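Notes to accompany the following structure.
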Amino acid sequence: MYDFTKEEQMILSMVDDVCHDRIGPVAAEVDESDSFPWKLQELLAESGIISMLFEEKYGGAGVSLNCWLRCIERISQESCSVASIVTTATMGSRPLLLAGSEAQKDRLIPDIASGDVRTCFALTEPQAGTHVANIATTATKTNDGYVINGSKVFATGGSVADIFTIFAQVEESGTKKLTCFLVDRDADGLSIGRDEDKMGMRGSASCPLYFDNMEVPESAVVGKVGDGFDIVYGTLYGGRLCAAAFGIGLSKRAYAEALAYANSRVQFSQTIGNFQAIRLKLADMEIGIKAAELLIDHAATLYMKNDPELRAYSSCTKIFCAELANKVTADAIQIFGGYGYCKDYPVERLYRDARILTIFEGTSEILRTTLAKAALNENRKA
Ligand SMILES: Cc1cc2nc3c(=O)[nH]c(=O)nc-3n(C[C@H](O)[C@H](O)[C@H](O)COP(=O)(O)OP(=O)(O)OC[C@H]3O[C@@H](n4cnc5c(N)ncnc54)[C@H](O)[C@@H]3O)c2cc1C
């Protein structure tokens with residue numbers, strides 16, 4: 001397992017305090033109100049939690065991905081919606097860090113890291129979810145830039161973002177080239193739809209975006225025309241690990257709640273933790289969490305080394321942790337019986353928050369399909 005540095009250990013301890021003192025007490029309220037928690041956004045910015053993964057030259061602490069993911073996991077134990085404020089800043093800025101010019105990075109990354117500028121990653125469209133190549137938004141070249149037409153759906157952080165990282169098709173010599181653009185909130189022709197009324201991750205503000213003859217300058221292109229797919233997948237490898245960290249956080253919290261309840265709830269004159277049926281569920285939770293911790297630790301190390309093995313590991317880790325969270329939170333409700341079905345206990349919210357994890361950042365189905373296809377091709381070559 002990765003050894004945290006002394007500085008990282010101090011950061012983890014600070015995040016633990018923030019979670020315990022400030023996020024935990026209001027987590028249910030964020031879910032209930034389903035409104036973006038501006039005060040917590042400020043808190044995450046002021047305490048350096050948003051900036052910690054960014055390099056020091058951009059105002060960050062340059063912590064390892066392992067440390068950052070552990071922080072995301074810790075915040076998710078309280079609230080995935082709040083953790084998503086941090087992951088959205090990372091996902092929205094990742095395209096810039098991967099392919100942006102020095103001028104673009106110097107202009108935007110310090111403000112994104114400080115939390116003064118909020119960003120979002122807008123890829124999905126009404127007819128292009130899993131099928132990314134089906135993106136229909138177009139960017140047409142003009143004398144001094146591009147005119148963009150189309151729409152996006154489910155852009156997390158969209159309604160509170162200042163800068164949008166979007167993807168559109170540029171047609172050159174009869175070929176469509178997926179390209180990444182930076183769009184300012186005040187761009188003419190951009191309109192922002194209303195936040196979706198979601199089952200879970202409430203307060204995390206996912207909404208549609210509409211582009212109607214939206215003009216952007218040449219300098220809005222991130223990387224080169226046609227770099228879109230590389231930027232998308234470069235970003236999603238990290239995004240899958242964010243989803244995995246959400247899953248581990250939710251699983252750990254649900255396990256802790258289930259353990260405490262099993263030790264206190266009395267039926268048939270004994271605590272329900274005495275029944276084998278309950279014990280087996282608790283043991284499976286522990287096994288899953290321990291395995292998930294090893295997977296994410298290894299995947300994060302591969303990411304830091306830019307190792308090609310990451311491609312498979314990010315999918316395996318995401319699938320495993322997402323499905324673990326769905327199972328652990330469902331089993332936690334079962335252990336709570338009827339009380340688990342009520343909002344008075346947190347397992348109900350954990351269960352709803354877990355449900356998205358097998359859907360976004362690549363559905364379990366498409367990630368499995370891609371894994372198997374790569375393995376079969378590899379085998380054919382051997
Ligand atoms: C809360 C939330 C937040 C989100 N945040 C963002 C965001 O910030 N930015 C962003 O760009 N997007 C975001 N998304 C969108 C998300 O990534 C998509 O919903 C996801 O990629 C699935 O696309 P879809 O909903 O169109 O489903 P579809 O692609 O229509 O899939 C429907 C079903 O068919 C299956 N399926 C599709 N193709 C195949 C295949 N080839 N083989 C086997 N099965 C297949 C899928 O696995 C799924 O079960 C978010 C979504 C939600 C709900």
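When a ligand or atom number is given, it counts from 1 through the structure's own listing order. A quick note: this is a predicted structure, and the numbers were derived from the prediction, not measured.
- Contact atoms of ligand 1 toward I366: 40 (C), 41 (N) (distance under 4.0 Å to a heavy atom of the residue).
- The shortest N or O to N or O distance between H131 and ligand 1 is not below 3.5 Å.
- Within a 4.0 Å radius of atom 32 (C) of ligand 1, the protein contributes no non-hydrogen atoms.
- Counting the atoms of ligand 1 from 1 in the order shown, those under 4.0 Å from a heavy atom of K198 are 1 (C).
- For the residue pair S314 and Y303, no side-chain donor N or O sits within less than 3.5 Å of a side-chain acceptor on the partner.
- With hydrogens and angles left out, the side-chain atoms of T138 and N149 include no donor and acceptor closer than 3.5 Å.
- For residues 127-155, the pairs satisfying ring-ring contact (aromatic ring centres under 6.0 Å, His included) are Y146-F181, with sequence neighbours left out.
- Contact annotation: the side chain of I23 approaches that of L44 to within less than 4.5 Å [non-hydrogen atoms, C-beta and beyond].
- Close approach to I359 involves these atoms of ligand 1, each under 4.0 Å from a residue heavy atom: 20 (C).
- There is a side-chain donor-acceptor pair under 3.5 Å between T156 and S206.
- Residue-level proximity to ligand 1 for I356 is carried by the side chain, the only part with a heavy atom below 4.0 angstrom.
- Looking at ligand 1, you won't find any N or O of G362 less than 3.5 Å from one of its N or O atoms.
- Selection from T363, T165, D353 by nearest heavy atom to atom 46 (C) of ligand 1 gives T363.
- Distance check on atom 50 (C) of ligand 1: some protein heavy atom falls below the 4.0 Å cut-off.
- Taking distance alone, with nitrogen or oxygen atoms compared against 3.5 Å, L123 approaches ligand 1 more closely than that limit.
- E215 and T142 form no side-chain donor-acceptor contact under 3.5 Å, judged by distance and modelled atom types alone.
- In this structure, D17 does not pair ionically with R22, as no charged nitrogen and carboxylate oxygen lie closer than 4.0 Å.
- Of all the atoms in ligand 1, the ones that sit under 4.0 Å from a non-hydrogen atom of T156 are 3 (C), 4 (C), 5 (N), 6 (C), 7 (C), 8 (O).
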Expected list for residues 221-228: side-chain donor-acceptor pairs under 3.5 angstrom, two or more places apart:
residue : atom : partner : partner atom : Å
D227    : OD2  : K224    : N            : 2.7

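- In terms of polar-atom proximity, defined here as any N/O pair under 3.5 Å, T124 does make such a contact with ligand 1.
- Residue contacts with ligand 1: F121 is placed with a nitrogen or oxygen under 3.5 Å of a nitrogen or oxygen of the ligand (distance criterion only).
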